[in-house]
Amino acid sequence: MATVAEPNKNLKTGLKYLLLVLVALVFLFPMVFMVVSSLKPDLQLLRDTSSIAAFLPVGDISLDNYFAAFRRAPIGLFVFNSVFVTGLTVIGSLFLCSLAGFAFAFLEFRGKNLVLSIVIATLIVPFETIAVPMLMVVNTLPFVGPNGLQWGWLNTYHVQIVPFLADALTIFLFVQYFRDLPKELIEAARLDGATWFQVYAMVIMPIAGPVIATAAILKFLAMYNQYLWPLMVTQSEQFRPVMVGLQYFFQLNTAWGEVMAYLSLITLPVLAFYLFLQRAFIASIASTGIKG
Amino acid sequence: MAGLEFKGVHKSYGKVDVIKGVDLSIAHGEFVVFVGPSGCGKSTLLRMVAGLEDITAGELTIGERVVNQVQPRDRGVAMVFQSYALYPHMSVYDNVGFGLRLKKTPKDIRDQKIREAARILQMEHLLDRKPAQLSGGQRQRVAIGRAIVRQPEVFLFDEPLSNLDAALRMDMRMEISKLHQELGATMIYVTHDQVEAMTLADKIVVLNAGVVQQVGSPLELYHHPENLFVAGFIGSPKMNFLKVTAEKTDAGLTIAGADLEETTIAASGSQVSTGDRITLGLRPHDFIESADGRLRGVVELVERLGNETIVNVRLAGGTQVIAALDGDSHLEVGHEARFGFAPEKLHLFDADGQTIAR
């Protein structure tokens with residue numbers, strides 16, 4: 001029997017790997033194209049698109065596009081702005097949304113289910129429909145900063161951060177994860193003398209690694225890719241993120257090589273963040289062992 | 001000194017009554033077991049003591065204090081959960097010391113208490129491990145250790161042994177019993193296993209459908225059950241029940257039925273009138289093989305355990321009963337047999353299931 005089963009198993013494994021390789025290629029091709037193109041002069045880049053050479057670093061290869069991109073736009077500032085805004089939003093949103101998720105999952109209060117339903121219902125409202133009303137709101141809000149009290153939030157960092165600190169998807173992720181945790185864990189901590197906040201900080205969050213990583217990745221991507229909102233609320237270069245910075249490269253004559261160089265550069269923080277969290281994600285699953 | 005006092009304690013979820021008025025006193029240092037079938041409310045009652053469930057009505061006192069509105073952590077209770085509920089990200093040492101850390105106990109005292117608890121439970125070598133690296137029995141020890149270090153006035157155990165295999169369960173049962181003697185604290189223990197209840201308890205509280213059926217020492221419940229439920233629940237194998245008709249005579253009470261040939265027993269029978277249908281209860285261990293016995297039936301199953309022989313018998317009236325006979329009984333499947341009993345071993349219950357006074 002084993003002789004019959006073996007080839008079957010090998011065939012299955014082979015097919016599985018083939019499928020995985022195909023999927024990996026589908027995801028890798030755009031990245032490879034982007035990086036390879038960033039090394040080529042515009043003429044060659046456009047000529048190569050009709051052949052496999054589009055994916056190969058052949059011909060006139062140089063870093064000229066990168067130097068040109070740096071000359072054209074303040075890339076360092078844009079990347080800093082994006083990383084700063086995204087980083088603060090991810091940290092703030094993980095904190096606030098996990099607190100909200102904790103409350104929805106473990107605390108009893110009047111109207112809990114109604115409030116949670118409303119929060120989840122906001123998932124289906126596209127951002128574009130509320131962008132203009134939101135703009136009008138933030139335009140009249142007060143803010144106390146280093147320069148004292150100011151009215152209107154336009155052209156600031158916080159206008160890009162505060163509106164996105166709480167979102168339905170992140171709250172929902174935390175609620176779902178928390179609800180699946182054994183209730184006795186919370187009860188044991190309560191009996192051990194923990195306040196609700198101590199239960200949250202010392203018992204629940206340390207075992208919430210997987211959901212924290214998931215929520216962080218999703219939030220990071222959403223924030224880093226922000227385009228419409230920063231475009232609406234920032235008029236000066238000083239506060240603009242990378243996606244809005246892309247405009248600098250689409251002018252009378254689009255320099256595709258420079259665009260690709262710019263895109264390659266701004267993709268690096270995303271890759272770094274993803275790789276870092278992926279490790280954390282796997283480590284947290286391996287170490288908690290919530291079972292039993 | 002922390003005894004407990006339940007006064008008319010009720011619990012309902014919406015319109016569903018789960019605990020229907022419990023009155024009970026537990027003395028300091030007593031080992032009390034709440035026992036009953038699944039869904040009888042025993043765990044709910046325990047959780048009410050812990051403060052994990054609100055008390056709908058009535059009053060619960062721990063020590064001198066009414067605790068209805070007191071937070072779980074301020075009640076001086078510690079609880080061991082069925083699932084152990086160990087914090088998966090903390091080492092055994094941190095798990096045991098978590099409560100002390102929250103109380104801001106100085107580090108050296110904390111360390112001393114954790115090590116003392118580990119010594120009592122023989123788990124010193126496990127202190128650096130994470131719960132995932134422990135076996136079921138070891139996790140149970142850690143859970144108990146976590147309760148011990150807090151030096152609570154009342155220990156609560158919620159079916160702590162039900163996830164362990166039979167051999168380990170017996171070991172842990174003995175350890176818990178030893179622990180009770182060593183610590184002298186009040187312990188409340190919930191189980192659906194009447195063997196655990198019988199072996200551990202100073203006092204058993206039998207619950208059914210949210211109502212206390214009887215409170216007493218294990219032997220009291222075994223020998224003098226107050227009603228059919230307690231009679232059937234306590235004792236293994238279960239008590240056998242036969243429907244019979246009673247007749248009052250000068251000698252006492254004469255009973256007979258399809259399964260039982262006429263038998264006269266000494267009983268005042270003040271609660272019984274002639275012609276009443278009553279229930280007769282007889283424990284398996286009270287069956288005696290005897291040629292002139294008043295119970296006749298056919299053996300349907302024989303289980304030889306060495307020290308005793310468990311026999312299933314179909315009586316003349318069609319009722320199936322279980323008899324626990326001597327280990328060397330020669331009965332075989334298909335044999336017709338007669339069984340007698342000592343009349344004083346009989347239990348009689350009226351139509352409402354209440355014990356008839358003898």
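We name chains A, B, ... by the order of the sequence lines, and we start the count at 1 in each one. The structure presented is a predicted model; accordingly, all values stated were derived computationally and were not measured.
- Around the CZ atom of Phe27(A), the shell of radius 6.0 Å holds no more than 12 heavy atoms that belong to other residues, nucleotides or ligands.
- For Leu268(A), the CG atom is densely surrounded, since the number of other residues' heavy atoms within 6.0 Å is greater than 12.
- Both the backbone and the side chain of Val77(B) have a heavy atom closer than 4.5 Å to some heavy atom of chain A.
- For a residue to count as touching a neighbouring chain, one of its non-hydrogen atoms must lie under 4.5 Å from one of that chain's; by this rule Ala50(B) touches chain A with backbone and side chain alike.
- A donor-acceptor pair is defined here as one N or O able to donate and one able to accept, closer than 3.5 Å; such a pair exists between the side chain of Tyr87(B) and the backbone of Ala189(A).
- For Arg75(B), no part sits under 4.5 Å from any heavy atom of chain A, backbone or side chain.
- Neither the backbone nor the side chain of Gln82(B) comes within less than 4.5 Å of any heavy atom in chain A.
- Side-chain contact between Thr195(A) and Arg73(B) is present, with at least one heavy-atom pair separated by less than 4.5 Å.
- Contact annotation for Gln198(A): only side-chain heavy atoms (C-beta onward) come within less than 4.5 Å of a heavy atom of chain B.
- With respect to chain B, the highest number of heavy-atom pairs below 4.5 Å among Asp192(A), Ile186(A), Leu191(A) belongs to Asp192(A).
- Sparse packing is recorded around CE of Met170(B), with 12 or fewer heavy atoms of other residues, nucleotides or ligands lying under 6.0 Å away.
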(request) I would like to know whether Phe81(B) and Leu185(A) meet side chain to side chain contact (heavy atoms under 4.5 Å, CB included); could you show each step before the answer? (result) CA-CA 9 Å; Phe81(B) 292 85; Leu185(A) 223 49; over 6 Å; no
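- Here Glu187(A) is the residue among Glu187(A), Arg190(A), Met202(A) with the most heavy-atom pairs under 4.5 Å with chain B.
- Around atom NZ of Lys183(A), no more than 12 heavy atoms belonging to other residues, nucleotides or ligands sit under 6.0 Å away.
- Within 6.0 Å of OH in Tyr157(A) there are more than 12 heavy atoms belonging to other residues, nucleotides or ligands.
- Atom CG of Asn225(A) is surrounded by more than 12 heavy atoms from other residues, nucleotides or ligands within 6.0 Å.
- The heavy-atom pair separating Gly193(A) from Leu102(B) by the smallest distance is C-CD1, 3.7 Å.
- Counting heavy atoms of neighbouring residues, nucleotides and ligands inside a 6.0 Å radius, atom OH of Tyr13(B) exceeds 12 of them.
- The local environment of CG in Asp108(B) is crowded, with over 12 non-hydrogen atoms from other residues, nucleotides or ligands closer than 6.0 Å.
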